[in-house]
Amino acid sequence: MVPEEICLILEKQFGDAVQSTKVEGGHPHAVVAADRWPEVALFLRDDPRLRFNLLNCISSLDLLADNKLACVYDLSSLPLDRGTALIIETHLFAVRVVTDRDEPTIPSVARVWPTAEWHEREAYDLMGIRFENHPDLRRILCPDDWVGHPLRKDYEFPLEYHGIPATTEYELTNPRH
Amino acid sequence: MNKAMGETILESQPDLLIDIDRREQGDLDTEEMLVNMGPQHPSTHGVLRIVLRTDGEMIQEAIPHIGYLHRCAEKIGENLQPYQFIPYTDRMDYLAGMNNNQAYAVAVEKLAGMEVPPRGQAIRVIMAELNRIASHLVSLGCYGMDMGAFTPFLYCFREREMILDLFEAACGARLTYSYLTIGGVFQDLPEGWVEQCREFLDYFEPKIDDYNNLLSFNHIFIKRTGRIGTISPEDVVRWGLTGPLIRASGIRWDLRKVTPYDGYEQYDFEIPIGEPAGSDGFPAAGIEVGDSWNRYFVRVLEMEQSVRIIRQALDRLPEGDFRAKKVTNVKLPDDEVYVEIENPRGQLGFYVRGDGSAIPYRVKSRGPSFCNLSITTHVCRNCLLADIPAIIGSIDVVMGEVDR
Amino acid sequence: MSWIENRFEEGLILTSLDWAINWGRSNSIWPVTFGLACCAIEMMATGASRFDIDRFGAGAFRPSPRQADLMIVAGTVTYKMASRVKRLYNQMPEPKWVMAMGACTVGGGPYFKHGYHVVKGVDLVVPVDVYVPGCPPRPESLLEGLMRLQDKIRQETRAKSEASRAKAAVV
């Protein structure tokens, strides 16, 4: 199924919840309103035409210029029957959910795709997006007492952690951005 | 025991209630124990830490804690040009550096609209498949070692060293190659390399039977890994597991066939999947689809297929350029791509977003081991403590990629 | 040496205590199995068929730090891991040595500039005896580092106290 059809199905089903779509370019996707996202996710997974049963990746984005944060959900569909034939038919699609940068919250989809649990924890850890109704929202990569969310564009590097100096020449390590 | 009196105490301590119920049923009084496995543990393959809540020998809950090797790759990715970031992708999945180079290169090429010359593509396929064999050899050897068989480890490393020699001849490094780069490969193959590679393949192919005799069909090994940690096809997809894990559960899914990249559609190969006991070439009993043994054995079968692909690629290695003309300071358009390729451990994805400059605005990598590891809690429930290494080893995690 | 001939039974060996102890220690270094990252794979390769670290008596990789003499810090140390590295070091019995393997443990390596979560050198956490540069160091380099460590052990003397030796090491 081509991205145009998927966008049409989504717009027909959810109307305003699909804020915009982009089908040309390297990454066709639809932008979905944050508050309707779990509904849309469930539909994407269960609708017999779409059947996006595999959540590949959640990429968090810091759109500093617009003062927004976003999550990009990459989905693909694969048949579950124990295959003798080779599976060639698949379709890929992406959904983007945008949220406010000052109070970033997005509803969790960990109950729709269990694999989202760790991806969302990662997005929370590195980008500081809070996922509502997440079963276990803790930092996953950085230690629990880490300060700040490293992948934000305005993140300041730590000078020391638990008595270990970060570097002797801090000026040299000032990140670009 | 007086239940009414007990209940007041029990409201604050619900765990006690279970104990009392058990005792009333004549069960022995057992105590839950928290066992910390890792971050320094010989069979966790790196710095994985698993907190196990055990009841005697039974695991009640296994919670993995990761992040002990978080090396900030994504932050680095958005501060460096793509060709400068290639060496960091090596260090993500350090057992399959070539495949990681390839994933990032394919993503950036798609974003920048670059074309890879046919020779470059063919060399990439050869290198990626050789690295797949090398990576699976480490996986096999270490899995055997986890299960108490030390000999296969030495055999596997013997063959792996030969592959590393081939890599060294091509690019000079043993582990972190940075050889597959944006737009093709870094340099052409040296003289005599193709013959050397053919020689190795002729030597290597019969060795796979050795591994099977040594380890795969070893009765003790099958007892130790068969029917342990079985994952159903539904769970595999729900938890986003890919690579040998999804195939061991009986789903014929391989990105080299599904969404071919770098000219994989030209090669003739099969996708091995896990089979039930009694199938052709499988043990007569003791295994089932989706168990640890099948996850191990799919890797053995994949090595045979990789040999097949390399032979075909060597036969039809085209002449010409090995790299696109302009690979540095390439302006990335204000667009985004998400590309996945088939890594030895599963689907390795790169999300790259450009903003018009030569440096990406955002780089996100989806490590296959990261997703594969997330099923640990689910699959380790109610298994024996001694089966934990069997399950973790069969998932074959590389912590560099889990934590990135 | 006529003054000593025929005065003792056969099989008697004469040596100095320092030499004998150092000889024993330097030829039976037991490393702890402590792989952190990429370098651990090269450490494994050093222990496997081709390079065979057993030739130097250092092939008995111990799973527990309490049985080991040498900690090869093989790979990037992160802030989350640093306290564990320190604890492992403290759990090792004396005498103990530390080898920093790879650029990351020597001084942050490729993660020096943008690596917010990477310790810029393991010597900020535990004292290091031998630095082995490389990213990752080839097995030959690791063996070279091991030989340098053996040289260092051979020069140790028991005439100085533990504290004064530590002081000398700092200077």
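Every chain is numbered from 1, with letters handed out A, B, ... down the list of sequences.
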Distance-minimising heavy-atom pair for A/H149 and A/M127: CB-C, 3.7 Å

Geometric class of the A/H27/A/H29 ring pair [parallel <30°, tilted 30-60°, perpendicular >60°]: tilted

Pair A/F14 and A/F43, ring centroids less than 6.0 Å apart: yes

Closest contact, heavy atoms only, C/Q91 versus C/P65: OE1-CG, 3.3 Å

Plane angle bin for A/Y161 and A/W146 - parallel if under 30°, tilted between 30 and 60°, otherwise perpendicular: tilted

A/Y155/C/Y116 aromatic ring centres below 6.0 Å: yes

Part of residues 51-71 of chain A lying next to chain C, heavy-atom separation under 4.5 Å: none

